[in-house]
Amino acid sequence: MNISDSDEGTPVSVKIRERLVAARKRFNANDNIAEYIEPGELERLLDEVEDKMKGVLSSMVIDTEHDHNTDNTARRVAKMYLTEVFRGRYVHPPAITEFPNAEHLNELMIVGPITVRSACSHHLCPVIGKIWIGVLPNEHTNVIGLSKYARLAEWVMGRPQIQEEAVVQLADLIQEKTQPDGLAIVMEATHFCMGWRGVKDMDSKMINSVMRGSFLKDPNLRREFLSLLPKKG
C-alpha cells in the first residue's frame, strides 16, 4: 500500500498501533504483530527506533558524535531488536510442512535439548536456555520435521518474554500444529536479569513445564518423559 501524502509525516509506529487498536488486537511485548505491518514498514520502523535510541544515548550523556565506539550504536541496537532478538514480534510464523501419520505412530517422542534465546520483558536482559518437547502422537496427529520444533521455538522466544508465558505460547502453537494425544514441554534457562544486575546470582536457573493431554492425566507417562531427559544444569 502506497503512503498517502496526508500521512507522510506520521511515524510508522503510530500507523501500526492504530491498525492494532482498530482491530482490537493486543500488542503486548510477547505478541506477534506481523499481520498489521505493511510491506516496507519494518525498514521505516528500524529508522524510527534508531532515532529514538539516539535520544536514549544522549540522555545517558554519551557523546556519540565524538566517541568512535558508540557513533553507530543506535543503529546497531535498533537492528538487533527488530531483526534479531525480537524478530518473533515482527515476522510471520515459519512455514511448517505437515505430514499425515501414515504409520499410525503412538509412542512417546522427545525432541531436545533445543537451545533458545529470549529476553525478559522486565529489563530486556537475555534469557538463554534449553527446551525439551515430548509428544505422544495418535493416528490423526500431523507429523512435522524435527528442525521445525526448533524453528517454532525460536519464533516464540524471539520476543520480550517471561518464561512461564513463553512455554505456554509454544505449547499452544505445537498443539495447534500437531493435535497430539499428549504434549509436554520443559524449559530450563538462565536469566541475566539475576546474574547481571539485582542479586547478581550467576548460578540460579529457572525450570518450568507444561503438561497437556495424556501427560497431564497419566502419571506413568509423565514420569517416563521426565526420566528420559538428560540431567539438567
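Start at 1 with the first residue, then count along the sequence.
- A salt bridge links Lys52 with Glu48: the closest approach of a Lys/Arg side-chain nitrogen to an acidic carboxylate oxygen falls below 4.0 angstrom.
- When atom types are taken as modelled, the side chain of Asp201 and the backbone of Asp203 share a donor-acceptor pair closer than 3.5 angstrom.
- Remark: Arg222 CZ is packed, more than 12 non-hydrogen atoms of other residues, nucleotides or ligands lying under 6.0 Å away.
- Asn208 pairs in a side-chain hydrogen bond (donor to acceptor under 3.5 Å, both in side chains) with only one of the listed residues (Gln163, Glu188, Glu164), which is Gln163.
- Side-chain contacts under 4.5 Å among hydrophobic residues (ILVMFWY), followed directly or transitively, place Val14 with no other residue at all.
- Sorted by first and then second residue, the side-chain hydrogen bond (donor to acceptor under 3.5 Å, both in side chains) pairs involving residues 146-156 (not counting sequence neighbours) form an empty list.
- Remark: Glu38 engages Arg19 in a salt bridge, criterion side-chain N to carboxylate O under 4.0 Å.
- Other residues, nucleotides and ligands contribute at most 12 non-hydrogen atoms within 6.0 Å of the CZ atom of Arg17.
- Using a distance-only test at 3.5 Å, with no hydrogens or angles considered, a donor-acceptor pair links the side chain of Asn32 to the main chain of Val91.
- For the side-chain contact (heavy atoms from CB on, under 4.5 Å) criterion with Met211, the lone passing option out of Leu226, Ile185, Leu183, Leu221 is Leu226.
- Nearest approach of Phe225 to Ala184, heavy atoms of both residues: CE2-CB, 3.6 Å.
- Of all heavy-atom pairs spanning Val167 and Ser209, the tightest one is CG1-C, 4.5 Å.
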Anything under 3.5 Å between a donor and an acceptor, one on a side chain of residues 108-122, the other on a protein residue two or more places apart or in another chain? List them.
| residue | atom | partner | partner atom | Å |
| --- | --- | --- | --- | --- |
| Thr115 | OG1 | Lys130 | NZ | 3.2 |
| Ser118 | OG | Met157 | O | 2.7 |
| Ser118 | OG | Arg159 | O | 2.9 |

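- When hydrophobic clusters are built by joining Ile, Leu, Val, Met, Phe, Trp and Tyr residues whose side-chain heavy atoms come closer than 4.5 Å, directly or via intermediates, Leu82 is grouped together with Phe27.
- No donor-acceptor pair under 3.5 Å is formed between the side chain of Ser58 and the backbone N or O of Lys54.
- Phe192 belongs to a hydrophobic cluster with Ile128, Trp196, counting contacts under 4.5 Å between side-chain heavy atoms of Ile, Leu, Val, Met, Phe, Trp and Tyr, direct or through other members.
- For residues 50-86, the ring pair (Phe, Tyr, Trp, His ring centres under 6.0 Å) pairs, not counting sequence neighbours, are Tyr81-Phe86.
- Taken from CZ in Arg197 to NE2 in His123, the straight-line distance is 3.5 Å, to the nearest 0.5 Å.
- Formation of a donor-acceptor pair under 3.5 Å by the Glu165 side chain with backbone atoms of Ile162 is not found in this model.
- The cluster map of Ile, Leu, Val, Met, Phe, Trp and Tyr, joined by side-chain heavy atoms under 4.5 Å apart, puts Val210 and Met206 in different clusters.
- In terms of modelled atom types and a separation under 3.5 Å, the side chain of Gln169 and the main chain of Gln161 share no donor-acceptor contact.
- Heavy atoms only, all atoms of each residue included: Leu57 and Ala74 are closest at CD1-N, 4.0 Å.
- Nearest heavy-atom pair across Asn138 and Pro180 is ND2-C, 3.9 Å.
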Worked check of side-chain contact (heavy atoms from CB on, under 4.5 Å) between Thr64 and Thr73: CA-CA 8 Å; Thr64 57; Thr73 292; 5.9 Å; no
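- When hydrophobic side chains of Ile, Leu, Val, Met, Phe, Trp and Tyr are connected at separations under 4.5 Å, Met194 ends up clustered with Val199.
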